Amino acid sequence: MLQVQFIRDHKETVLKGLAKRNFENAESIIEEVLSADEKRRATQVSLDNTLAESNKISKEIGAFFKSGEIQKASLLKEKTGQLKEQSKALSEALNEHTTALQSLLFQIPNIPHTSVKAGNSEDENERIFSEGTIPNLGKNALPHWELAKKYNIIDFELGNKLTGAGFPVYKGKGAKLQRALINYFLDKNTQAGYTEVQVPHLVNEASAMATGQLPDKEGQMYHCPEDDLYLIPTAEIPITNMFRGNLLQKSDFPITCTGYTPCFRREAGSYGAHVRGLNRLHQFDKVEIVRIEHPENSYNALNTMVEHIKSILRELKLPYRILRLCGGDTGFTAALTFDFEVFSTAQDRWLEISSASNFETFQANRLKLRFKNKEGKSELAHTLNGSALALPRVLAGILENYQTAEGIQIPEVLIPYTGFSMIN
RNA sequence: AGAGAGGUGGCCGAGUGGUCGAAGGCGCACGCCUGGAAAGUGUGUAUACGGCAACGUAUCGAGGGUUCGAAUCCCUUCCUCUCUGCCA
């Protein structure tokens with residue numbers, strides 16, 4: 001959530017930023033925000049004055065009671081009745097203006113970083129880096145869902161029976177490979193200095209609000225109404241919320257965490273080949289990295305994350321590229337996002353396997369995650385996160401790119417984790 | 001699920017109707033002391049909103065109520081802990 005003060009002081013910047021996202025009616029919603037804010041402040045001033053008056057009289061009444069001047073006290077009492085009604089009306093108005101302002105602010109996405117280009121869709125994302133060689137598999141190359149069946153390592157039908165579409169069952173070497181990937185990623189992340197955490201897979205409403213999944217995006221999460229809890233669509237929610245409401249010291253920076261969790265996404269409304277196999281699931285595994293940073297350092301930190309993710313893909317020897325998302329494709333809460341995509345040779349397409357973002361103060365504002373600055377004032381921290389990495393598409397990439405006539409080779413770095421070097 | 005206890009500042013913790021934004025401690029900042037440090041010692045130290053500022057207002061889990069006046073009394077609600085039950 002943007003800070004009102006920021007919108008007030010930097011209206012042009014905000015409008016330009018929203019234009020990059022192709023955010024509709026930016027002009028009018030910003031005007032609404034400003035007018036709601038103005039009303040709110042004006043109401044607050046009158047309310048404050050009324051209450052000040054009333055407080056003053058109360059003190060006088062107290063003094064009269066003490067000195068035994070009961071009559072004077074009762075006279076004043078009458079006066080407070082009026083003030084009370086006034087202040088009640090004013091505080092109701094204040095409440096209305098505050099909620100109105102709040103719900104407007106909830107609709108406004110983060111302002112993109114200056115490096116982000118305007119654009120409407122993923123077609124306008126900028127390719128900024130690519131590495132690795134695309135293997136020559138010949139014409140018998142199979143997509144991963146065929147390979148999964150051929151080697152009996154992932155059973156989609158069985159998942160359908162147990163739960164429904166998008167909940168695969170991993171079997172044998174497939175299951176072991178999943179576990180190997182999780183351990184490998186966690187080891188890489190902890191070696192890079194991230195503290196490993198294990199967090200709940202269900203979160204309350206306050207947590208989902210603070211990282212921006214609520215309000216408005218509740219349709220994307222599974223919800224347990226009995227207890228009013230949400231299944232996490234990403235570990236970003238519990239991990240970032242560990243620091244909700246915290247007031248940090250300068251020496252606490254940087255905070256770096258990594259955690260493995262399953263992720264649950266309802267993801268309604270996508271069909272066809274693009275969602276086949278592992279391409280899009282309702283439940284999948286992901287290892288996440290999260291950083292809480294001083295604002296001055298957050299973009300360095302984002303680069304550090306990007307370099308870290310690169311090093312993992314390099315070790316896995318997967319051909320990948322990095323995109324800087326354009327305004328329209330950048331998530332609601334992010335200021336700058338780099339997507340990592342692995343080339344899935346047999347499908348002849350790129351699969352997103354990681355996304356690293358700087359949210360600047362957008363989440364911190366909702367999280368009330370602050371630190372004491374040099375002047376001793378509290379200031380919002382910056383939050384960042386990225387996947388390192390999301391499993392299913394990495395798995396798809398490995399299965400497809402490492403397929404041979406004899407079976408699927410296991411990338412060298414994973415062999416210590418799997419205990420086998422070939423799926424056949 | 002049943003019974004009980006409790007939620008107060010960065011943290012711990014006192015506070016049962018006005019003098020309480022709140023004792024005390026810890027932490028933190030600055031100073032003294034010291035060759036330097038530790039210890040000791042002095043001072044300062046909540047947040048938000050409005051205001052150029054003086055200052056005003058609000059906040060003692062949240063929301064209502066009683067009262068001229070509520071951290072304190074009443075109601076509702078959320079959360080945490082302990083015991084009992086159930087269970088990995």
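First the proteins, then the strands, lettered A, B, ... as listed; each starts at 1. Everything numeric in this text was worked out from a predicted model, so none of it was measured.
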Novice: Check every strand shown and say whether Ser54(A) touches a base, only sugar-phosphate, or nothing at a heavy-atom separation below 4.0 Å.
Specialist: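 No contact.
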Novice: If the P atom of C74(B) is compared with that of U84(B), how far apart are they to the nearest Å?
Specialist: 30 Å
Novice: For C60(B) and A70(B), measure between their P atoms and round to the nearest Å.
Specialist: 11 Å
Novice: Validate the cation-pi geometry between Lys286(A) and Tyr260(A): distance from NZ or CZ to the six-membered ring centre under 6.0 Å, angle to the ring axis within 45°.
Specialist: no
Novice: Between C68(B) atom P and Gln82(A) atom CD, what is the distance in whole Å?
Specialist: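 After rounding, the reported distance stands at 15 Å.
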Novice: Taking the C1' atom in each of G69(B) and U16(B), what is the distance between them to the nearest angstrom?
Specialist: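 Their C1' atoms lie roughly 16 Å apart.
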Novice: Under the 6.0 Å and 45° cation-pi test, does Lys176(A) pair with Phe420(A)?
Specialist: no
Novice: Taking the C1' atom in each of G21(B) and A58(B), what is the distance between them to the nearest angstrom?
Specialist: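 About 11 Å, rounded to a whole number of Å.
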Novice: If I take atom CD in residue Gln102(A) and atom C1' in nucleotide C49(B), what distance separates them, rounded to the nearest angstrom?
Specialist: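 Computing the Gln102(A):CD to C49(B):C1' distance gives 14 Å.
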Novice: Does G69(B) have its OP1 or OP2 closer than 4.0 Å to a side-chain nitrogen or oxygen of Lys84(A)?
Specialist: yes
Novice: Please report, rounded to the nearest Å, how far the P atom of C79(B) is from the CD atom of Glu205(A).
Specialist: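 About 12 Å, once rounded to whole Å.
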Novice: How many Å lie between CZ on Phe243(A) and P on G10(B), as a whole number?
Specialist: 18 Å
Novice: For Asn424(A) and Gly407(A), work out which heavy atoms get closest and say how close.
Specialist: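 That would be CB-CA, 4.2 Å.
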Novice: Using atom C1' of each nucleotide, how far apart are U67(B) and C75(B) to the nearest Å?
Specialist: 16 Å
Novice: Would you kindly give the NZ-to-C1' distance between Lys59(A) and U67(B), to the nearest whole Å?
Specialist: 17 Å
Novice: So that I can compare with my own list, what are the stems of RNA chain B, taken as at least three consecutive Watson-Crick or G-U pairs with distances under 3.5 Å?
Specialist: B:1-7 with B:78-84, B:10-12 with B:24-26, B:27-32 with B:40-45, B:46-50 with B:55-59, B:61-65 with B:73-77
Novice: Of Asp37(A) and Gly62(A), whose closest RNA chain B nucleotide lies nearer the 5' terminus?
Specialist: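 Nearest nucleotide further toward 5': that of Gly62(A).
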Novice: Which whole number of Å gives the distance between the P atom of A54(B) and that of U59(B)?
Specialist: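 22 Å, rounded to whole Å.
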Novice: C1' atom, U45(B) versus A53(B): distance in rounded Å?
Specialist: 22 Å
Novice: Can you tell me how far P in G10(B) sits from the matching atom in A48(B), rounded to whole Å?
Specialist: 10 Å
Novice: Between Glu126(A) and Lys117(A), is the closest basic N to carboxylate O distance under 4.0 Å?
Specialist: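 Between Glu126(A) and Lys117(A) there is a salt bridge, with a charged N closer than 4.0 Å to a carboxylate O.
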Novice: Take atom CG of Leu83(A) and atom C1' of U67(B), then tell me their distance rounded to the nearest Å.
Specialist: 15 Å
Novice: Any chance the side chains of Asn300(A) and Asn297(A) put a donor and an acceptor closer than 3.5 Å?
Specialist: yes
Novice: Rounded to whole Å, please give me the gap between CG in Leu247(A) and P in C12(B).
Specialist: 14 Å
Novice: Please tell me which of Arg41(A) and Thr80(A) maps to the more 5' nucleotide of RNA chain B, matching each residue to the nucleotide holding its nearest heavy atom.
Specialist: Arg41(A)
Novice: To the side chain of Ser58(A), which of C49(B), G18(B), G10(B) is closest?
Specialist: G18(B)
Novice: Could you pull out the closest heavy-atom pair between Tyr230(A) and Glu205(A), with the gap in Å?
Specialist: CE1-CA, 4.1 Å
Novice: How long is the line joining CD of Gln3(A) and C1' of A48(B), in whole Å?
Specialist: 12 Å
Novice: Just the atom pairs and distances: protein N or O near nucleotides 57-64 of chain B's N or O, under 3.5 Å.
Specialist:
from	atom 1	to	atom 2	distance (Å)
U57(B)	OP1	Asn55(A)	ND2	3.3
U57(B)	O2'	Asp48(A)	OD1	2.9

Novice: If you take all heavy atoms of Lys188(A) and His308(A), which pair is closest and at what distance?
Specialist: O-CE1, 3.4 Å
Novice: Among G50(B), G69(B), U47(B), which nucleotide sits nearest the side chain of Arg370(A)?
Specialist: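 Of the options given, the side chain of Arg370(A) lies nearest U47(B).
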Novice: Are side-chain heavy atoms of Glu296(A) and Phe253(A) found at a separation under 4.5 Å?
Specialist: no
Novice: Please report the shortest heavy-atom distance between Glu379(A) and Pro295(A), naming the atom on each side.
Specialist: OE2-CG, 4.0 Å
Novice: Restricting to non-hydrogen atoms, name the atom on Pro200(A) and the atom on Ile232(A) that form the minimum distance, rounded to 0.1 Å.
Specialist: O-CD1, 4.0 Å
Novice: Got more than 12 heavy atoms from elsewhere within 6.0 Å of CD, Glu85(A)?
Specialist: no
